[in-house]
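Working notes for the structure below.
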2 protein chains.
Amino acid sequence: MAVSERDGRDERGERGPRERMVFSAAQLIRRGGVAAAGMRDVAAHASAPRGSLQHYFPGGKEQLVNEAVDWAGRYAGDRVGRFLAAMPEPSPSGLFAAMAQQWIDEYETAGFAGGCPVAAAMVDCAESAESTRSAAAAAFDRWAGSVAEALRGMGVPPERAASLATLMISALEGAILIARSERDVRALTTVVRELAPLLDGSAAPPPA
Amino acid sequence: MAVSERDGRDERGERGPRERMVFSAAQLIRRGGVAAAGMRDVAAHASAPRGSLQHYFPGGKEQLVNEAVDWAGRYAGDRVGRFLAAMPEPSPSGLFAAMAQQWIDEYETAGFAGGCPVAAAMVDCAESAESTRSAAAAAFDRWAGSVAEALRGMGVPPERAASLATLMISALEGAILIARSERDVRALTTVVRELAPLLDGSAAPPPA
DNA sequence: CCACGACTATGACAGTCGTCATAGTACGGC
DNA sequence: GCCGTACTATGACGACTGTCATAGTCGTGG
């Protein structure tokens, strides 16, 4: 779910204030967590008027956070499709490498400031806000669904595709955490390398 | 790093107020993140006097958080040794299953309230507090070191042991996130099952 | 021209946070 | 008994936070 500042625009290349605020919320959340993403900060980052927050998000911060998580889940899911389209000959390991590469690129060019906004929202709100927890679950589910669909398209048996998708996303999320803590992409390159043979051997029936 | 309320005691089965506060900080951080773990809450949770906080932790909250992260890293590393000792015939997949099982047990008996304190501290403080980021890196490193050492003891080639340790911890951390969001241990059981053949095939030289 | 809806502006509110200052207690050695 | 040290107690402070109330500005349709 690495996201450059230019992503998320609509077909006219512009975004309305409401969309910008959701996007900015996701950006700030993924940097310092939900608590560090103040409502005033979100408005400022989005170059949106502070007064619009209560207008567009009458549900308050919880609604804003939930929409940011939802946006991130949709974005990650859509990205899978684009990765797939960009691969000359799709393979499970190639897809996973592309997913990780997006993070490697961000970390190498923009520094290690950000993590996954869904993970950040989970950590901060899982217990306090039930709606945010379920939004995170939906985001992961959407993401995993896209990955599993892609895997099935590569000949992976349907019952294993979902499992492998979970494994891929788990490993990626964990590697993001480690990479950020070490300020080094090593963890990301490592999981890609180590998981590759397992993923590419997955078109065969499940082992044992 | 799932931790029951009874862990972390010293040889006399008791803990001093200082240790209790570090332990309580870790407990609260892993539930709702650093921001949700107020200093007053920590003191209350540890049944320790509020006035002791500034006495034992003159570095303020940042020091307390860092020590909590450090404690968690040491705890996770020590756990690996105990898992190893409890296994009749050690195997990489068996070790990973034991690590995940600790989380499964916690989630099934105590609910999905908590995650990994190191991950939580990372998400909230990686950018704001450099010292906390490096404490998290040290915690992951210590944990991975224990795992890698265990793997080498099972015949895994040294150069692969470190990589597999990173993969195991990554997958576990990610699965924790997903399991907590879904309020279901499915993600944990899935990564254990899917990773098992890869881990147990790792005593052989690296593939290709 | 006026009214109406959508949107913006801004100051205030109550609450919480981490931190600090100050004072107080307990207990050891001398 | 006294002093110094370790620890505890507590109220206050300033800096936030999310939320609300109120008023203002548009543009558009009648």
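In what follows, every chain begins at residue 1, and chains take the letters A, B, ... in the order their sequences are listed.
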Q: For each nucleotide in nucleotides 10-24 of chain D, reading 5' to 3', give B when a protein heavy atom comes within less than 4.0 Å of its base, S when such contact involves only the sugar-phosphate, and - otherwise.
A: BBB----SBBBB---
Results of salt bridge (charged side-chain N to carboxylate O under 4.0 Å, His left out) for [X] - residues two or more places apart only:
| X | answer |
| --- | --- |
| A:Arg74 | A:Asp70 |
| B:Arg18 | B:Glu67 |
| B:Arg20 | none |

Listed partners of [X] passing side chain to side chain donor-acceptor pair (under 3.5 Å), at least two apart:
| X | result |
| --- | --- |
| A:Gln54 | none |
| B:Asp105 | B:Gln101 |
| A:Asn66 | A:Ser131, A:Thr132 |

Q: Would you jot down, in residue-number order, the residues of residues 124-132 of chain A having a non-hydrogen atom under 4.0 Å from DNA chain D?
A: none
Q) CG of A:Leu53 versus P of C:dG11: gap in Å, rounded? A) 17 Å
(Q) Strictly by ring-ring contact (aromatic ring centres under 6.0 Å, His included), give each pair with a member in residues 109-137 of chain A just once, sequence neighbours left out. (A) A:Tyr107-A:Phe112
Q. Under the 3.5 angstrom rule, does the side chain of B:Asp124 hit a backbone N or O of B:Gly33 as a donor-acceptor pair?
A. no
